[in-house]
Structures are given as structure tokens and as C-alpha cells.
Number of protein chains: 2
Amino acid sequence: MALEHAILVSLLEKPGSGYELARRFERSIGYFWTATHQQIYRVLGRMENDGLLAVRTVPQQGRPDKKEYSAADPGRAALAQWLHEPIEPESLRHDLAVKIRGAAFDDPASLIREVERHQQAHRDRLARYLAGELRDFTGPDAPAPLDAGQELQHVVLRGGIAQERMTIAWLDDVLATLHRLGRPAPPAADRA
Amino acid sequence: MALEHAILVSLLEKPGSGYELARRFERSIGYFWTATHQQIYRVLGRMENDGLLAVRTVPQQGRPDKKEYSAADPGRAALAQWLHEPIEPESLRHDLAVKIRGAAFDDPASLIREVERHQQAHRDRLARYLAGELRDFTGPDAPAPLDAGQELQHVVLRGGIAQERMTIAWLDDVLATLHRLGRPAPPAADRA
DNA sequence: TCCTGCTATGCAACTCGTTGCATAGACAAG
DNA sequence: CTTGTCTATGCAACGAGTTGCATAGCAGGA
């Protein structure tokens, strides 16, 4: 149920509507959590119902009203409690790794393009992260002494950057392996 | 729906019962996918029903019968089809990162022990991966020329090893940041 | 002897996350 | 003038994953 907590953190950093939250989840929060607007709206509704959030309807000219949420005291308390509970280290779900091992029962070479596509997606993500780092933390327009919240945002972003660099390097390793298997004996692993 | 595919890959590598699969998912498959026995039994039942798997009841002395599953031809075909479809690069769910950013609204120093605990869990996982690599791929008891399937298993394992090493290093960075924030101004970020 | 743990399977209820669809006004491009 | 895009919200149905519980025989230690 960490989506609730991710929302609380984001609303404490800055109040906003469901729509704005959804866009944050495509950007900075997206370094470590993803969610669609449907999930966000549903959870926001429940959290409001449970008294964790305060709502304020903001009329806007030229566009629909928006409901601006902010963390209420019980929400702050719920977050604080969760922060003090131990959590389990993450379990992984890595589709591409399933494919790589599955390639032994198909044609390893046919996976090369797919792996290259993923590597490109990770390169793009890395570029976005690095641009964000420059803009918010290390560039000339960044606030000079960062406060604690910004320091913590920065260290999380450094984690995203390290993750992408590691993945790109590993996919080089995967590609080299696939090329190597493609050369010596054409369909070597298929024992149907 | 990649659990189905992970099961197909595992059963192609070696047929086995639901129970055996559950244990594999705690070990080698666990490098890139996790599943509990309940999930596995439910999906095995559905896949058998769909004709993707063949079953053989194996009587055993001194313990309950087991149902040994193996991939049937339609299962192989379903896997092959999935291997040729593009998939989206993974989206992440990183609870600890939520906590780290949330620490700005609580006490950053109180997170240190939790982060250390996670780091130790990753060190343990890395040690298991390295032991498995030595046993199956690089040690004196490993098969001399690896076949394609083993090469692919090895490159996936190398990905797990790289992941753990990267995470351990990043958590050093996180710990240094938390210590730094703990020193100068005690509860610097809390603006309640 | 009792308790724990291992093999081995499974149901029921629940929460979480995804996908498809619907509404509705404003604005810009063709 | 129509189509598409952006803001902004939401429902319904489904699939995936979790948690708790149940059964049942055997082995080993306190």
C-alpha cells in the first residue's frame, strides 16, 4: 500500500490535484514509483474518505475546476508511522530477463533488436534524469545550499541514475552474449 | 501475465511440480521474478486447463503424490509468440526511495538503521548470487563449455549481481547523505 | 510426547494495478 | 466547422498478487 505513502510524500512536498499528481508520477516521482491517473484518483478518494487528506475546490477560468489535495494531520501521522515500520527489500519483476532465459528455447539472435530497443529506452531515461539533476541540483540555476528535502530528492535521483547506467552496461553484456551465441552454431540451444 | 511465461521457461529447463517450482522461484528464477506457491498453483491450474501444460501424477513413498508438469506444444508455441512480441521496459516500485524522500518530513537520522538493514539484505543476496555463479558457471565443478541455455542463465545472473552491487553502493551514498543531514542542524527539514 | 518443520496441494477473500470507456469545456490547427 | 489535444475527473471490469487458512503424513529434536 505504498502508493498512499508516495502520494502523501508528494502532497507534503507540494499540494496538488489528481491530475497534477499524475504528471508528477510521470516525472520526478517516476524515478521510483509509477501510477496511472485512475489509480491516483481512486486512492485519493479513499484517502479523503479516511480523513488523511484535505480538499479544496479551486475554480479556474477556461478549464474545469480542480480539487486541490493536501496532507491533513492524520495523513502526516500515517506517513510518520509507516516511516518507522521496517519494510521488506523489494522483490523484482524483470520481464526482459524472462525473455532472455526463454531465448534458449527459441532463436537467441531474434532477441537482439528487442534488447537494443530496451537499451535505447534506458539511455533516454538516463538523459532525462541527468537533465533533471542539472536543472534542480547541480546546475547554475539550482538553489545554492540545498535543504534537507532537496538533498534527499537528489540522493534518490542519483539512485535512478546509477540504476540506468548499470542497466545500460548490463544490456551491453547481454548483447555481446547474444551475438556470441548467434555465431558459432546457428540454432545451438533448441532441443525440441 | 509474465508469470505464465516464467513458468513455461522454468518447465522447459526442467519439468517439475508446483512445489518444486515454488522453490525455484526462491532461488535461480528469483533473480528476476518472485511468486508464492498460491500464485503458482493457481496459474498452473489455469495453464493445464488451457492445454499449455501436460501433467503426470507421480506416486512417492512416504510423502504425498506430486503432479509433475511439463510444457506441452501449445505452451511452447505461446512462449515463442510472446518472445517475438515487444514488451515495455519495466516500471519501478521502490518503497525505500519513497521512505527516503518521506524522511524530509520526519527525522532523517531515524532512517539510518532501516537503510543499513536493507543494505545487509542486499549484501546477503549478492553473496548467494556469487556462490551460485561459482557453483554453476565459473567454478571447477561447472560444465566446461556452457551450452546456450547456460550462457543465457549466466548473463541473467550477472545482471542480478550487477544490480546488487549497484544497490549496495547507492545505499552507501544514501547513508552518507543521512549522516550529513543528521549533523549540522538536527531536524532541519521539518516545517510542520 | 509434543512441537516444529518439511513435502505437497489447494480454497477464499481481499487489495492492488491495468485497460477500456465516458464526460466535458477550452483552444488551436486544418 | 470539424478534428484533435489538453485539462480535469471518474466508473466498471478484469487480472495480478497477497494473506490467511486448511489438509495430511512423516521426520527430528526438546
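First the proteins, then the strands, lettered A, B, ... as listed; each starts at 1.
Looking at A:Q119 and A:R123, their side chains do bring a donor and an acceptor atom within 3.5 Å of each other.
Of the residues in residues 36-46 of chain B, B:H37, B:Q38, B:Y41 come within less than 4.0 Å of DNA chain C through at least one heavy atom, sorted by number.
In this structure, the CZ atom of A:R23 is 17 Å from the P atom of D:dT5, given to the nearest Å. Here the C1' atom of nucleotide D:dT18 and the CD1 atom of A:I87 are 17 Å apart, to the nearest Å. Look at NZ on B:K66: it is 18 Å from P on C:dC6, rounded to the nearest Å. Summarising the geometry, the separation between CG on A:L92 and C1' on D:dG17 is reported as 15 Å, rounded to the nearest angstrom. If you measure from atom CZ of A:F25 to atom C1' of C:dT18, you get 16 Å, rounded to the nearest angstrom. Protein atom CZ of B:R56 is 13 Å distant from nucleotide atom P of C:dT9, rounded to whole Å. When the P atom of D:dG15 is taken as reference, atom NE2 of B:H5 falls 15 Å away, rounded to whole Å. C:dG25 atom P lies 17 Å from atom OH of A:Y19, rounded to whole Å.
Under 4.0 angstrom from either OP1 or OP2 of C:dC16 there lies no side-chain N or O belonging to B:R93.
Between B:R101 and A:E13 there is a salt bridge, since at least one side-chain N of the basic residue sits less than 4.0 Å from a carboxylate O of the acidic one.
In this structure, B:R56 places its CZ atom where only 12 or fewer heavy-atom neighbours from other residues, nucleotides or ligands lie under 6.0 Å away.
Using cut-offs of 30° and 60° for the angle between ring planes, the A:F137 and A:H154 rings count as parallel. Using bins of under 30°, 30° to 60° and over 60° for the plane-to-plane angle, the ring pair A:H5/A:W82 lands in the parallel bin.
The CZ atom of B:R125 sits 13.5 Å away from the CG atom of B:L130 when rounded to the nearest 0.5 Å.
Projected onto DNA chain C by closest heavy-atom contact, B:D65 and A:A2 fall at different nucleotides, the more 5' of which corresponds to B:D65.
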